[in-house]
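The next block holds one structure in the form of structure tokens; read it before the comments.
Labels below follow one simple rule: chain letters A, B, ... track the order of the sequence lines, proteins then strands, and each chain is numbered from 1. Side chains are part of it too, since the values below use all heavy atoms of this structure and drop only hydrogens, waters and symmetry mates. Please read these numbers as outputs of a predicted model, since none were measured by experiment.
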Amino acid sequence: MAKLGQEFYNRDTVEVARSLLGKELVRVWHGEDLVCRITETEAYVGRMDKACHAYGYRRTGRTETLFAPPGTAYIYLIYGMYCCLNFVTEPEGEPCAVLIRGAAPVQGGERMARGRFGCSPGEMTAYQKKHFLNGPGKLCMALHLTREQNGLDLTGSELYVRDSGCVPHQIYAGRRIGIDYAEEAAEFPWRFWI
DNA sequence: CTTCAGATGCTCT
DNA sequence: GAGCATCTGAAGA
């Protein structure tokens, strides 16, 4: 299926967050495709969203990537030990992104299990299987994504999203997670899942 | 199933 | 120095 181009990301952030659901995220690692289907996303809109790192166009070392062209990977360290994967959206200069919060494994389970638990898929407990990729930090561990991949071009060959042919039959929306500090923005229904 | 504490280091004030 | 777009394991219900 077709790799999504820059025009996909160069749209309203909430629309991109919704339309990413069901798509396949591909991470090429040591020559192998690690593939998962996106099941949960969140939208962050810098110009008016207090939860966004680049709220009010705040430009610092960390937020610099959010000012890159749409279709750029924004990966940052959180809580000192985990990484979160985002896709930059909207026309260049609008510091907006979609956080990838959860996914389901499709291909490359051996290497994803190694990255996540340091074991093979067969050694995973039922509990570990159930909670395999259902969090932004977990996803990055499984896909071997760190800040070294911050700024990657999603129209390149190392990390990209492609159409999977399947359309979600139902999309849920609710408030975003872990942003209670963001006042009124904490209530925006900008988390989406299937 | 639930809550809770602790880990750990970067970023910005 | 404070706080953070999180996760894990332990303990209790």
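Of the possible polar contacts, one joining the A:K3 side chain to the A:G156 backbone as a donor-acceptor pair under 3.5 Å is found. When atom types are taken as modelled, the side chain of A:R27 and the backbone of A:L145 share no donor-acceptor pair closer than 3.5 angstrom. Judged by distance alone, with hydrogens and angles left aside, the side-chain atoms of A:K129 form no donor-acceptor pair with the main-chain N or O of A:T125 at under 3.5 Å.
Dashed line: the shortest gap from a side-chain N or O of A:R147 to OP1 or OP2 of B:dG9 is not under 4.0 Å. When the side-chain nitrogen and oxygen atoms of A:R62 are compared with OP1 and OP2 of B:dT13, none of them lie within a distance under 4.0 Å.
Looking at A:R101 and A:T39, their side chains never bring a donor and an acceptor atom within 3.5 Å of each other. A donor-acceptor contact closer than 3.5 angstrom is absent between the side chains of A:Q6 and A:T155. No side-chain donor-acceptor contact under 3.5 Å links A:Y9 and A:E90.
From the 5' end on, the contacts that DNA chain C makes with chain A at under 4.0 Å to a non-hydrogen atom open and close at C:dC4 to C:dT8.
Residues that satisfy the salt bridge (Lys or Arg N to Asp or Glu O under 4.0 Å) test with A:R114, not counting sequence neighbours, are A:E110. For A:K138, the side chain to side chain donor-acceptor pair (under 3.5 Å) partners at least two apart in sequence or on another chain are A:N134. Listed by chain and number, the residues in a side chain to side chain donor-acceptor pair (under 3.5 Å) with A:N10 amount to none (sequence neighbours excluded). Applying the salt bridge (Lys or Arg N to Asp or Glu O under 4.0 Å) rule to A:E32 yields the partners A:R111; only residues at least two apart in sequence or on another chain are considered.
Note on A:H53: a base of the nucleic acid sits closer than 4.0 angstrom, heavy atoms only.
Shown here for A:I100 and A:F87, the closest heavy-atom pair between the two residues is CD1-CE1, 3.5 Å.
Residue pairs satisfying the ring-ring contact (aromatic ring centres under 6.0 Å, His included) criterion with at least one member in residues 91-130 of chain A, sequence neighbours excluded, are listed as follows: A:Y127-A:H131. Screening residues 180-194 of chain A for side chain to side chain donor-acceptor pair (under 3.5 Å) gives A:E40-A:R191, A:K50-A:E183, A:K50-A:E184, A:R175-A:D180, A:R175-A:E187 as the qualifying pairs, with residues at least two apart or on separate chains. Applying the side chain to side chain donor-acceptor pair (under 3.5 Å) test to every pair with at least one member in residues 73-87 of chain A, sequence neighbours left out, gives these pairs: A:H53-A:Y74.
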Notebook entry, point to check: Would A:R59 and A:E64 satisfy side chain to side chain contact (heavy atoms under 4.5 Å, CB included), going step by step from the backbone distance to the final call?
Noted result: CA-CA 6 Å; A:R59 199 160 186 161; A:E64 193 60 33; 2.9 Å; yes

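Contacts of residues 95-107 of chain A with DNA chain C (heavy atom under 4.0 Å): A:L99, A:R101. Within residues 68-90 of chain A, the residues approached by DNA chain B to less than 4.0 Å at the level of any non-hydrogen atom are A:L77, A:Y79, A:G80, A:M81, in residue-number order. Of the residues in residues 172-183 of chain A, those placing a heavy atom less than 4.0 Å from an atom of DNA chain C are A:I177, A:G178, A:I179, A:Y181, in numerical order.
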Next item on the list: For DNA chain B, produce a single dot-bracket line, 5' to 3'. Pairs: Watson-Crick or G-U wobble, both distances under 3.5 Å. Symbols: ( ) within strand, [ ] crossing, | other strand, . unpaired.
Entry: |||||||.||||.

